[in-house]
Amino acid sequence: MALTGIQIFKFLPAGKKEQNANCKKCGCATCMAYAMKLAKGQVDINSCPFIDEELKNTILNENRKPQIKLEIGVNNKVVVGDENVMFRHDKTFVNPCCFAIELHSSDNDFSKKLEEIKTFQIERVGENYKINAINFIIDNDDFEKQINMVLNSDFPLIITINDIKVFEKIKDKINNLNPLIYLKSQNIDDLISIGKDFSVIVDGENIEQLTEKTEILLKSNIKNMVLNLLMKVNSNIIEPLTMLRRSAIEKKFEPLGFPVMVSYDLTNNIAQDTIKLSSLVCKYANIISINGFNQALLTALITLRMNLYTDPQKPLQVEPKLYEIGDVTPSSKVVVTTNFALTYFAVANELESLSEGIYLIITDSDGMSVLTAWSASKFTGEIIAKAVKNSNIAEKVNHKNIIIPGLVSDLKEEIEEELPDFNIIIGTNEATDLPEFLKNM
Ligand code: SF4
């Protein structure tokens, strides 16, 4: 637990009734003021020249992030790690698990596979998602053309090499690209040499092996590491992955305070692959390196990841405004709902299925669904009336009909009081029933 200001004060010259007490060299008027600020992380620990070494180490350890944040790539970069809770409901997960697709330099279909990775993109709740990184595995001598293609692709790169000689050959090419280097030989001296300028992957078959290596590398001041747990992916891998995360977050054990990578070999059973990879996304892989590209599988994984890495305290919301769905005309019908993203997309998807254009007015309801917003007074007659007025819908259509969700039929009179020129129509409870309802109007 972090030290309080009073606890810190006891170790300072004034607290110990020593010389130099309240000398102001730290920029604070008194040792007590400095202690209070230090407890809140508002002053530099080195600004007091008389601070106790033991206290300094304790505070530095307390303030150290449990899991380091690591960036791969430069312009188009992926960020992993920096997690600080075990469970999403505690707070929020920070940096979504990175999906890296493996590409071998010796692959005959190299160009085709690279193109597949480049063009893959899905849209979910208004966001576009792509593959996060390429794990470029150099496994032949003649890789010049392939490495140039990968470097030109602008993807964040993990570069897997067998020995340091290959690294020496490519070092100049990758110098400014901030890749993550995986040296398969894992020679410690070579790892230290590479780790001085690049982030490196440290592998091990279990937690003990990983700890042994990272402790050595930490002593050589290598700080940017990713742990690669070399285990077959089945239900047994969840336990060590959980222990790794627990060691970092709860124990603040520095040798394991790094993002974790797991490699996965696809099988012919996509259902099994989806289940296993989903469990890695949930617990607790920061990077998953997959040895192939499967659009359906990635679509499922990205959707799962998107749900896990939203902040449970911040509802997903869309901008409150007037949306035109399809080709609208002055006779287009007007529908109102809240700005909760899932409500918006549920309604908009149904409206898109119609052959006619529809106006959709989205209220500012703090990202809540219809009933939640209504019970929290965020979807009231006044708020709906304000959204209708702000939309200038009266100038766009030649009728006065506004359709509200059936779930808030009680609001009809209240809205009519606020909007006396409009005719309020009670719509359906479910978005799925809207198209039929609108066709029959
Ligand atoms: Fe106290 Fe600040 Fe002087 Fe340190 S530098 S002894 S904290 S007043």
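For ligands, and for the atoms within them, numbers begin at 1 and follow the listed sequence. Side-chain atoms are counted along with the backbone in the values below, which use heavy atoms only and exclude waters and symmetry mates. Residues: numbered from 1 along the sequence shown.
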*Among N224, V226, L180, whose side-chain contact (heavy atoms from CB on, under 4.5 Å) with I72 holds?*
L180
*Is it true that D203 and K213 make a salt bridge, defined as a side-chain N closer than 4.0 Å to a carboxylate O?*
yes
*Is the backbone N or O of G367 less than 3.5 Å from a side-chain atom of N339, with the two atoms forming a donor-acceptor pair by type?*
yes
*Report, as a single number, the protein N, O or S atoms less than 2.8 Å from atom 3 (Fe) of ligand 1.*
1
*Do K321 and Y323 meet the cation-pi criteria used here (NZ or CZ under 6.0 Å from the six-membered ring centre, within 45° of the axis)?*
yes
*Identified side-chain contact (heavy atoms from CB on, under 4.5 Å) partner of L70 from the options V79, D82, V80, N95*: V80
*Write down the atom of I302, the atom of K130, and the distance for their closest heavy-atom approach.*
CD1-O, 4.5 Å
